[in-house]
Student: 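The structure follows.
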Amino acid sequence: MRLFTDLSQAALDEYFFKEPTTFNKYTPKNELAYALAATLYMPATRPAIHQDLINKKHAGLTSVVICLEDSIGDLEVEVAERGLQHSLHKLRQDISRGFITLEELPLLFIRIRNKEQLVRLITLFKDEWQLLTGIVIPKFSSIDGEEMLQLVSDLRNSGHELYAMPILETKEVLFKETRMEELKRLKGIFDKYAHFILNIRIGATDFCGLLGIRRNTSTSLYDIAVLRDCLADIMNFFQRAPNHYLLSGPVWEHFVSKEKVNLLSNQTEQIMESSSFMNKLPKEMRGFIAEILLDISNGIIGKTIIHPTQITPVQALNTVTYEEYNDAMDILNHSNGAHGVMKSASQNKMNEMKPHYDWAKKIELKSRVYGVLNEQYNTIDFFQQLSHDRRHRAHAGEAKYQL
């Protein structure tokens with residue numbers, strides 16, 4: 001698997017100074033954590049999961065969470081569990097028949113409901129675990145979260161290469177009077193199992209639900225004072241060097257309708273020629289892009305998505321620019337103590353070796369997965385071009401390509 005696999009070699013040469021590298025579930029954890037990119041959630045009751053994956057329906061999709069929790073009804077749980085087992089079984093059959101390889105599949109995760117369900121799945125699944133990269137643990141709490149991490153640890157000890165991704169979304173994390181103690185307890189738990197915690201996810205929808213509010217298409221998570229305050233504390237606890245965790249961006253619940261995507265496809269040339277490209281996009285996409293850029297500024301990598309039209313913005317905007325990469329490599333290459341500060345190669349900033357060292361390491365890791373753009377492109381430019389390319393193929397009849 002690799003980001004931008006739908007691009008031709010000519011397109012990769014045009015856009016990238018350093019192309020994204022390939023990865024799979026066995027890639028080292030520190031690099032794999034960056035590879036989730038736009039993580040698409042889909043309910044386990046969806047009948048076409050197996051077919052969508054085999055047909056590579058969504059261009060560029062690199063990670064999928066099959067949800068057994070909030071996206072399915074309480075009365076659908078048993079059907080969902082059996083359906084998920086059936087889908088994974090069919091995937092294994094197709095791999096054994098040579099229709100697809102494990103490396104071609106997106107990284108697959110399942111989101112469980114609770115400890116009791118995980119215990120059932122451990123009994124229900126056999127070879128299906130070989131297809132999975134990990135388990136997403138929602139509403140992670142210091143009360144019972146460690147028990148689920150221990151179950152994942154037991155699965156790993158039995159020979160399954162699995163990771164855990166806890167989601168922070170409980171009232172104990174959100175409410176001011178309990179937050180500090182809960183984050184301290186969670187940090188202690190995570191540190192015990194850090195070797196297989198791939199990233200920490202943030203449940204913005206549940207947080208909003210606890211407050212009885214809902215974001216509109218122009219309101220990012222960072223615009224809501226209580227959520228911004230909570231997110232800042234989560235960052236403070238879990239992004240500190242040297243034992244930092246990668247945080248993944250929360251879901252943006254608004255997506256572009258099929259009718260608007262078709263309209264964009266019909267108008268794509270005019271939009272591309274417009275100097276106000278962003279203003280021509282649907283408001284759902286403009287707010288989404290604004291939040292991604294704020295995620296990146298705050299050190300958050302990748303994002304939970306609920307619709308395939310959200311894949312391209314997350315991928316494109318997380319690419320590393322030529323200037324960022326040069327700064328990072330200059331810092332890493334001159335970190336032996338001989339220099340304290342150097343003027344950047346772009347002649348527009350000072351690179352300080354000690355304060356910027358951890359940032360540089362993150363940029364170098366990110367560059368392996370997302371690639372480094374050629375000097376003439378910034379991330380917005382690349383987003384425009386990638387959106388144009390994918391829409392053009394969709395308009396030409398390649399239905400699997402999305403915005």
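Just so it is clear, the structure is predicted and the values come from calculations on it, not from any experiment.
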Student: Does the side chain of Glu31 reach to within under 4.5 Å of the side chain of Thr21, using non-hydrogen atoms?
Tutor: yes
Student: Give a yes or no on whether the backbone of Ala35 and the side-chain of Thr62 come within a donor-acceptor separation of less than 3.5 Å.
Tutor: yes
Student: Any Lys/Arg nitrogen of Glu181 or Lys184 sitting under 4.0 Å from an Asp/Glu carboxylate oxygen of the other?
Tutor: yes
Student: Under the criterion side-chain contact (heavy atoms from CB on, under 4.5 Å), I'd like the reasoning laid out for Trp252 against Leu221: C-alpha separation, chi angles, the key distance, then a yes or no.
Tutor: CA-CA 9 Å; Trp252 177 263; Leu221 182 69; over 6 Å; no
Student: Is any side-chain heavy atom of Pro313 closer than 4.5 Å to one of Met285?
Tutor: yes
Student: A quick test of your reading: do over 12 heavy atoms of other residues, nucleotides or ligands sit less than 6.0 Å from CG of Leu124?
Tutor: yes
Student: Should the pair Glu253-Arg215 be classified as a salt bridge under the 4.0 Å nitrogen-to-oxygen rule?
Tutor: no
Student: Consider salt bridge (charged side-chain N to carboxylate O under 4.0 Å, His left out). Of Lys366, Lys362, Arg368, which one does Glu364 pass it with?
Tutor: Arg368
Student: Supply the atom-to-atom distance Arg113 CZ to Ile137 CD1, rounded to the nearest 0.5 angstrom.
Tutor: 16.0 Å
Student: May I ask you to test the Val77-Arg120 pair for a side-chain heavy-atom distance under 4.5 Å?
Tutor: yes
Student: Let me confirm one number: the OG1-CE distance from Thr133 to Met1, rounded to the nearest 0.5 Å.
Tutor: 10.0 Å
Student: More than 12 foreign heavy atoms under 6.0 Å from CZ of Arg82: is that the case here?
Tutor: no
Student: If you look at every heavy atom in Asn378 and Ile380, which pair is closest and at what distance?
Tutor: OD1-N, 3.0 Å
Student: Do any N or O atoms from the side chain of Asn326 and from the backbone of Glu323 form a donor-acceptor pair under 3.5 angstrom?
Tutor: no
Student: Using side-chain heavy atoms (C-beta onward) and a distance below 4.5 Å, is Ile135 in contact with Leu151?
Tutor: no
Student: Would Tyr370 and Tyr34 count as a close aromatic pair, with their ring centres under 6.0 Å?
Tutor: no
Student: Taking only residues at least two apart or on different chains, which pairs with a member in residues 34-51 satisfy salt bridge (charged side-chain N to carboxylate O under 4.0 Å, His left out)?
Tutor: Arg46-Asp52
Student: For Glu146, is there an ion pair with Lys115 - N to carboxylate O distance below 4.0 angstrom?
Tutor: no
Student: Please report the C-alpha distance between Asp154 and Gln150 in whole Å, then the side-chain angles of each, then the deciding distance to 0.1 Å, and finally whether the side-chain hydrogen bond (donor to acceptor under 3.5 Å, both in side chains) criterion is met.
Tutor: CA-CA 6 Å; Asp154 293 343; Gln150 185 57 52; 3.0 Å; yes
Student: Taking all non-hydrogen atoms of both residues into account, name the closest pair between Pro250 and Asp295 and its distance.
Tutor: CD-OD1, 4.2 Å
Student: Where do His356 and Asp327 land on the side-chain hydrogen bond (donor to acceptor under 3.5 Å, both in side chains) test, with the steps shown first?
Tutor: CA-CA 9 Å; His356 294 142; Asp327 285 341; over 6 Å; no
Student: Should the pair Arg286 and Phe288 be classed as cation-pi, given the thresholds of under 6.0 Å to the six-membered ring centre and 45° from the axis?
Tutor: no
Student: Can the ring centroids of Phe4 and Phe16 be said to lie less than 6.0 angstrom from one another?
Tutor: yes
Student: Tell me whether the count of non-hydrogen atoms from other residues, nucleotides or ligands lying under 6.0 Å of CD in Glu78 goes above 12.
Tutor: no
Student: Test: ring-ring contact (aromatic ring centres under 6.0 Å, His included). Region: residues 164-187. Which pairs qualify, not counting sequence neighbours?
Tutor: none
Student: Does Arg111 have any salt bridge (Lys or Arg N to Asp or Glu O under 4.0 Å) partners at least two apart in sequence or in another chain, and if so, which?
Tutor: Glu69
Student: Salt bridge between Arg179 and Glu182, side-chain N to carboxylate O under 4.0 Å?
Tutor: no
Student: Could you check if a side-chain atom of Tyr357 sits within less than 4.5 angstrom of a side-chain atom of Leu332, using non-hydrogen atoms only?
Tutor: yes
Student: Can you find a heavy atom in the side chain of Thr321 that is under 4.5 Å from one in the side chain of Thr379?
Tutor: yes
Student: Crowded around Lys192 NZ? As in, over 12 foreign heavy atoms under 6.0 Å?
Tutor: no
Student: Ion pair present between Arg92 and Asp127, side-chain N to carboxylate O less than 4.0 angstrom?
Tutor: yes
Student: Hey, is the main chain of Leu294 close enough, under 3.5 Å, to the side chain of Asn298 for a donor-acceptor pair?
Tutor: yes
Student: Return yes if some donor-acceptor pair links the side-chain N/O of His89 with the main-chain N/O of Gln85 below 3.5 Å, else return no.
Tutor: no
Student: Quick check: do Glu104 and Ile100 have side-chain heavy atoms less than 4.5 Å from each other?
Tutor: yes
Student: Show the atom names and distances, to 0.1 Å, of all donor-acceptor pairs under 3.5 Å that link a side chain in residues 158-171 to residues at least two apart or in another chain.
Tutor:
{"from": "Ser158", "atom 1": "OG", "to": "Leu155", "atom 2": "O", "distance (Å)": "2.7"}
{"from": "Glu169", "atom 1": "OE2", "to": "Lys139", "atom 2": "N", "distance (Å)": "2.7"}
{"from": "Thr170", "atom 1": "OG1", "to": "Glu172", "atom 2": "OE1", "distance (Å)": "3.4"}

Student: Applying salt bridge (Lys or Arg N to Asp or Glu O under 4.0 Å), name anything that partners Lys126, two or more places apart in sequence or on another chain.
Tutor: none
Student: Do Ile49 and Ile66 have side chains that approach each other closer than 4.5 Å (heavy atoms only, starting at C-beta)?
Tutor: yes
Student: Starting from the C-alpha separation in whole Å, work towards a yes-or-no answer on side-chain hydrogen bond (donor to acceptor under 3.5 Å, both in side chains) for Arg201 and Ser248.
Tutor: CA-CA 5 Å; Arg201 310 190 78 82; Ser248 178; 3.1 Å; yes
Student: Determine, step by step, whether Asp191 and Tyr245 satisfy the side-chain hydrogen bond (donor to acceptor under 3.5 Å, both in side chains) criterion, reporting the C-alpha distance in whole Å, the side-chain angles of both residues, the deciding distance to 0.1 Å, and the verdict.
Tutor: CA-CA 10 Å; Asp191 286 350; Tyr245 294 86; 2.6 Å; yes
Student: Listing request: all ring-ring contact (aromatic ring centres under 6.0 Å, His included) pairs with a residue in residues 176-204, at least two apart in sequence or in separate chains.
Tutor: Phe140-Phe190, Phe190-Phe238, Tyr193-Phe196
Student: Is the shortest distance from a Lys or Arg side-chain nitrogen in Lys176 or Asp229 to a carboxylate oxygen in the other one below 4.0 Å?
Tutor: yes
